[in-house]
Structures are given as structure tokens and as C-alpha cells.
Amino acid sequence: MSAPAGKQVPLAPMWRYRGEVLLRAVLALGGGYALSAAWAAAAGLAAVQWLSLSRMDAVMWSTVLSFVVYAVVVLWAFACGSTRKVCAVIGGGTALLVAAAWLLSGGQA
């Protein structure tokens, strides 16, 4: 954020912007990792139960696709217009996928 010649930019908007970018980076990296890990767990368990894949194939399939999920989440976190929406979608999606993985595992920890 550069100001036109002769004008100063107030510090509050600059720090607010930088804080929001930092929050999105943390959400994208940490939240994206949590979401993709939960997706890999839920997708692997679902593939074993519903697609009758062997456990090894299900783990490989879900892990490879979790890299795609992670990349999409990171890109979307910066493309979305609202930081609150990013937080809600990543947090809610992770919670739903963890619950799905727990249910697919038979309720075992």
C-alpha cells in the first residue's frame, strides 16, 4: 500500500490488512492441512467400506487426492472475499470430515 506523493497512509488500515493476510495464511496452511488430513481419513475409510478397496489401495488413493484438496483449500482461502467465511468453511468442513471418519470407523478413537 503506497500512498500518493505528499499523503501519509494511516497505520491502522495497513496493520488491519496485514493482520488479515496473516490470518488467511494461518487458516490456509494450518486449516488446509487439518481439512486435507480429515478428508484423507474419511475418504480412505469410505473407500474400504463402500468401494471394497484393500486398505493399502484406499490409503494410497485418499492420500494422493488429499494433496489436491490441500492445494484447492489454500488457493480458495486467498480468493474468498470474507475471512469469516474462510474460517467457517475450513473449520466446519474439518469438523464434519472428522465426524464422518469417526462414524466410518465404527465410533472407535
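Starting from 1, each residue takes its place in the sequence as its number.
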Q: Treating Ile, Leu, Val, Met, Phe, Trp and Tyr as nodes and any side-chain heavy-atom pair under 4.5 angstrom as an edge, say whether Val69 and Val64 lie in one connected cluster.
A: no
Q: Which distance, rounded to the nearest 0.5 Å, do you find between the CG of Leu75 and the OH of Tyr70?
A: 10.5 Å
Q: Is there a side chain to side chain contact (heavy atoms under 4.5 Å, CB included) between Val72 and Phe67? Walk through the geometry before answering.
A: CA-CA 9 Å; Val72 168; Phe67 290 107; over 6 Å; no
Q: Side-chain heavy atoms under 4.5 angstrom apart, residues restricted to Ile, Leu, Val, Met, Phe, Trp, Tyr: same cluster for Val59 and Leu65?
A: no
Q: Are Val98 and Leu45 connected, step by step, through hydrophobic side chains (Ile, Leu, Val, Met, Phe, Trp, Tyr) whose heavy atoms are closer than 4.5 Å?
A: no
Q: Are Leu23 and Val86 connected in the hydrophobic side-chain network, where two residues link if heavy atoms are under 4.5 Å apart?
A: yes
Q: Looking only at heavy atoms, what is the nearest atom pair of Ser62 and Gly44, with distance?
A: CB-N, 3.6 Å
Q: Using every non-hydrogen atom in the two residues, find where Val48 and Ala58 come nearest and quote the distance to one decimal.
A: CG2-CB, 3.5 Å
Q: Is there a continuous path of hydrophobic side-chain contacts, each under 4.5 Å between heavy atoms, that joins Leu27 to Val74?
A: no
Q: To check you understand the geometry: which heavy-atom pair defines the closest contact between Ile90 and Trp76, and what is its length?
A: CG1-CZ3, 4.4 Å
Q: Could you check whether Glu20 pairs with Arg24 (Lys NZ or Arg NE/NH1/NH2 to Asp/Glu carboxylate O, under 4.0 Å)?
A: yes
Q: On the 0 to 90° scale, with breaks at 30° and 60°, tag the Trp61-Trp39 ring pair as parallel, tilted or perpendicular.
A: tilted
Q: Could you tell me whether a side-chain N or O of Thr63 sits under 3.5 Å from a main-chain N or O of Met60, the two making a donor and an acceptor?
A: no
Q: With the side chain counted from C-beta on, respond yes when Asp57 and Leu51 share a heavy-atom pair under 4.5 Å apart, and no when they do not.
A: no
